[in-house]
Amino acid sequence: MTDVAAMEASLAAVADASIDIRHALFERFFAAYPERRASFIVVDASSRRMTDETLQMMFGLAKGEGWVWPLVAELVHTHRTYGPLPIAEYDAFIDMTVVELGIAAGRVWSGDCAAAWQHRADELKAMIRRARAEW
């Protein structure tokens, strides 16, 4: 099974189970970074967008999509308005997204699937570093 197929299967499993990972993801994130909660005016709206964008960017990287880099660069620039965000927070959010996706995917989550998502998570984290360096 290719990375794209494994990743797609995990997304389908989560959708089939009607699990919205953003709730657990943001609980985990705010538990780790409680001071960050104040940065979110409407957590419901932000959590939807951030979760969807993070998953879409990682899946886009697996598919070799050219739109990922411009989106990453734009988001990093936009996030500058929230003040200096430590790179560790970006890393943690991305890694937490993979963890919560794995929990929600259940039995579909295999070693290959986890490796595919983590590889793309690492690529995304590298892109964020590149975008920050270029701004």
Could you tell me which non-hydrogen atom of [X] sits nearest to which non-hydrogen atom of [Y], and how far apart they are?
{"X": "F30", "Y": "R37", "value": "CD1-NH2, 3.2 Å"}
{"X": "V4", "Y": "A62", "value": "CG2-O, 3.4 Å"}
{"X": "A73", "Y": "A131", "value": "CA-CB, 3.9 Å"}
{"X": "A31", "Y": "P34", "value": "O-CD, 3.8 Å"}
{"X": "A6", "Y": "C113", "value": "O-SG, 3.5 Å"}
{"X": "R132", "Y": "P86", "value": "NH1-C, 4.1 Å"}

For the hydrophobic clusters of this structure (ILVMFWY residues joined by side-chain heavy atoms under 4.5 Å, transitively), does one cluster hold both [X] and [Y]?
{"X": "F93", "Y": "L61", "answer": "no"}
{"X": "L55", "Y": "V43", "answer": "no"}
{"X": "M127", "Y": "M57", "answer": "yes"}
{"X": "L101", "Y": "I19", "answer": "yes"}
{"X": "L75", "Y": "L85", "answer": "yes"}

Original post:
Counting distance only, does the side-chain N/O of T51 pair as donor-acceptor with the main-chain N or O of R48 below 3.5 Å?
Top reply: no
**OP:** For S47 and D44, indicate whether the former's side chain and the latter's backbone hold a donor-acceptor pair under 3.5 Å.
**Re:** yes
Original post:
Do S10 and W109 have side-chain N/O donor and acceptor atoms under 3.5 Å apart?
Top reply: no
Original post:
Does the side chain of R49 come under 3.5 Å of the side chain of S46 through a donor N or O and an acceptor N or O?
Top reply: no
Original post:
Taking it one step at a time, do F26 and Y33 satisfy ring-ring contact (aromatic ring centres under 6.0 Å, His included)?
Top reply: CA-CA 10 Å; F26 272 76; Y33 302 96; over 10 Å; no
**OP:** Could you check whether the rings of F40 and F29 sit parallel, tilted or perpendicular, using 30° and 60° as the cut-offs?
**Re:** perpendicular
Are [X] and [Y] side-chain neighbours, meaning at least one heavy-atom pair lies under 4.5 Å?
{"X": "E100", "Y": "I103", "answer": "yes"}
{"X": "R130", "Y": "W69", "answer": "yes"}
{"X": "D112", "Y": "D3", "answer": "no"}
{"X": "V76", "Y": "E134", "answer": "no"}
{"X": "I94", "Y": "R120", "answer": "no"}
{"X": "T97", "Y": "M50", "answer": "no"}

**OP:** Could you list the residues that satisfy side chain to side chain contact (heavy atoms under 4.5 Å, CB included) with D95, not counting sequence neighbours?
**Re:** Q118, A121, K125
Original post:
Which value, rounded to the nearest 0.5 Å, describes the distance between M96 atom CE and T54 atom OG1?
Top reply: 12.0 Å
Original post:
So how far is it from E65 CD to Q56 CD, rounded to the nearest 0.5 Å?
Top reply: 11.0 Å
